[in-house]
Amino acid sequence: MAPSGPGSVRRRCRRVLYWIPVVFISLLLCWSYYAYAIQLCIVSMENIGEQVVCLIAYHLLFAMFVWSYWKTIFTLPMNPSKEFHLSYAEKELLEREPRGEAHQEVLRRAAKDLPIHTRTMSGAIRYCDRCQLIKPDRCHHCSVCDKCILKMDHHCPWVNNCVGFSNYKFFLLFLAYSLLYCLFIAATDLQYFIKFWTNGLPDTQAKFHIMFLFFAAAMFSVSLSSLFGYHCWLVSKNKSTLEAFRSPVFRHGTDKNGFSLGFSKNMRQVFGDEKKYWLLPIFSSLGDGCSFPTCLVNQDPEQPSTPAGLNSSSKNPENHQFPAKPLRESQSHLLTDSQSWTESSTNPEKGKAGMSNPALTMENET
């Protein structure tokens, strides 16, 4: 077997280093469990009722925190499906054509039946040279994972994973439960923290765990509250972190609210239609990550239309900013119950589509 080259060794070292933040959080979590459950609840608390209530509430938050953190770390990010990859003939054409209009013409022909509406800043088809595929809407190439990630939000070092379509809900729940975890610890530890400074605690090692536990919980509560609040705002506006910094570009130009469907529908797109799953780290997001409804896209003109005179948008060619593209069923039903986006008639049965867990298209690392 041939020895590994220096490039391979560097990649392996980087993979190991990427896990350091996750190991740090895991060790901190283990210490917080020992400090709170053992040193504070069992050793320091004298009231049995207080012990029982605190331990039950703590273990519930601890379990949800660990569950959501685990799912965020180990849920593989989704990659574009095969339909977005160029065929062998199309790749050969691209290699022969110089960069420019001819190059774009090949991409336009390949993308004509794909559900894409976004463009580059120059108005060109979004194409990834490294993955050799046409990027779906909201898809971006991650330089760390070296893959195109569907609805990429950011690459998070604290979970050593890309946060995107497949695990964004888990990431939000991880932020929520970690914030509640820290707030709960800080609130229940406060009276014992005060006793520490007034010499009201016995002179044991528990007093130092209690002090550092309060400091750590209070510090993380401040940082987590700002981060969680920011992502709640992103969900309400149907934006990713990348889209908040650089608005998506459509054919008519940049539109920072191009994917926003209103607060309720934006929430359902991330958490799904069934509210019983909203607080659980179980996948329930709508769609497949490759296509997204947008308030700027009109319905396919080949679909059945309303009687003459009711569909005024079809008479004005300026209203049709994009060629009609198919939306996935679980996404398109988000548009069916709002008259502000389209006046064309829709099939009412599509509006009843429930939560769909798409067949996740995962690509193995090569």
Side-chain angles (χ1 to χ4, degrees), residues 19 21-41 51-77 151 153-190 209 212-236 240-241 263 266-286 355 357:
W19 283 102
V22 176
V23 172
F24 171 75
I25 293 295
S26 301
L27 292 175
L28 188 62
L29 193 60
C30 292
W31 167 77
S32 70
Y33 182 91
Y34 169 76
Y36 188 88
I38 306 299
Q39 295 295 336
L40 179 61
C41 290
Q51 281 184 341
V52 172
V53 171
C54 286
L55 283 173
I56 291 175
Y58 173 80
H59 280 91
L60 179 62
L61 289 173
F62 181 82
M64 297 306 294
F65 179 12
V66 172
W67 187 11
S68 57
Y69 189 46
W70 177 276
K71 292 285 285 185
T72 307
I73 295 172
F74 294 105
T75 298
L76 294 177
K151 197 187 177 185
D153 188 87
H154 67 288
H155 186 94
C156 181
W158 297 108
V159 300
N160 190 28
N161 199 3
C162 254
V163 177
F165 176 76
S166 62
N167 64 348
Y168 186 62
K169 177 192 172 184
F170 307 149
F171 178 74
L172 282 173
L173 293 178
F174 158 61
L175 292 180
Y177 287 122
S178 59
L179 176 58
L180 290 175
Y181 180 80
C182 291
L183 289 174
F184 176 79
I185 289 177
T188 53
D189 188 27
L190 178 59
H209 285 288
F212 288 116
L213 186 64
F214 180 83
F215 275 128
M219 179 183 66
F220 279 105
S221 295
V222 173
S223 58
L224 285 169
S225 59
S226 59
L227 185 58
F228 178 63
Y230 175 67
H231 277 277
C232 287
W233 177 79
L234 289 178
V235 171
S236 70
S240 65
T241 300
F263 179 78
N266 293 343
M267 287 284 292
R268 285 160 54 194
Q269 195 173 99
V270 174
F271 291 96
D273 286 332
E274 299 192 40
K275 294 182 180 179
K276 62 184 178 181
Y277 295 115
W278 281 16
L279 300 181
L280 298 176
I282 298 172
F283 185 86
S284 58
S285 302
L286 297 180
M355 177 194 69
N357 190 341

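No side-chain heavy atom of Y36 sits less than 4.5 Å from a side-chain heavy atom of F62. With contacts defined as side-chain heavy-atom distances shorter than 4.5 Å, the pair L234/S240 does not qualify. Side-chain contact between K151 and Q269: present, with at least one pair of heavy atoms (C-beta onward) separated by less than 4.5 Å. Side chains of F170 and S68 form no contact here, defined as non-hydrogen atoms less than 4.5 Å apart. Using a 4.5 Å cut-off on side-chain heavy atoms (C-beta onward), Y69 and I25 make contact. Within the 4.5 Å cutoff, the side chain of Y277 has heavy atoms near those of the K169 side chain. Between S221 and L183 there is a side-chain heavy-atom pair separated by less than 4.5 Å. With a 4.5 Å cut-off on side-chain heavy atoms, F174 and K71 do not count as touching.
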Hey, mind stepping through T188 and C54 against side chain to side chain contact (heavy atoms under 4.5 Å, CB included) and telling me if it holds?
-> CA-CA 8 Å; T188 53; C54 286; 4.2 Å; yes
Report the C-alpha separation of F65 and L180 in whole Å, then their side-chain angles, then the decisive distance to 0.1 Å, and conclude whether the side chain to side chain contact (heavy atoms under 4.5 Å, CB included) test is met.
-> CA-CA 9 Å; F65 179 12; L180 290 175; over 6 Å; no
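Test F214, Y33, Y34 against H209 for ring pair (Phe, Tyr, Trp, His ring centres under 6.0 Å) and you get one pass: Y34.
A donor-acceptor contact closer than 3.5 angstrom links the side chains of D153 and T241.
For F212, the CZ atom is loosely surrounded, since the number of other residues' heavy atoms within 6.0 Å does not exceed 12.
The shortest non-hydrogen separation linking A35 to Q39 is O-CB, 3.2 Å.
A donor-acceptor contact shorter than 3.5 Å links the side chain of S166 to the backbone of L76.
With sequence neighbours excluded, the residues that form a side chain to side chain contact (heavy atoms under 4.5 Å, CB included) with F74 are W19, W70.
The side-chain hydrogen bond (donor to acceptor under 3.5 Å, both in side chains) pairs that include a residue from residues 177-186 are S32-Y181, Y58-Y181, where partners are two or more places apart or lie in different chains.
Ring pair F171/H231 is perpendicular by interplanar angle, where above 60° counts as perpendicular and below 30° as parallel.
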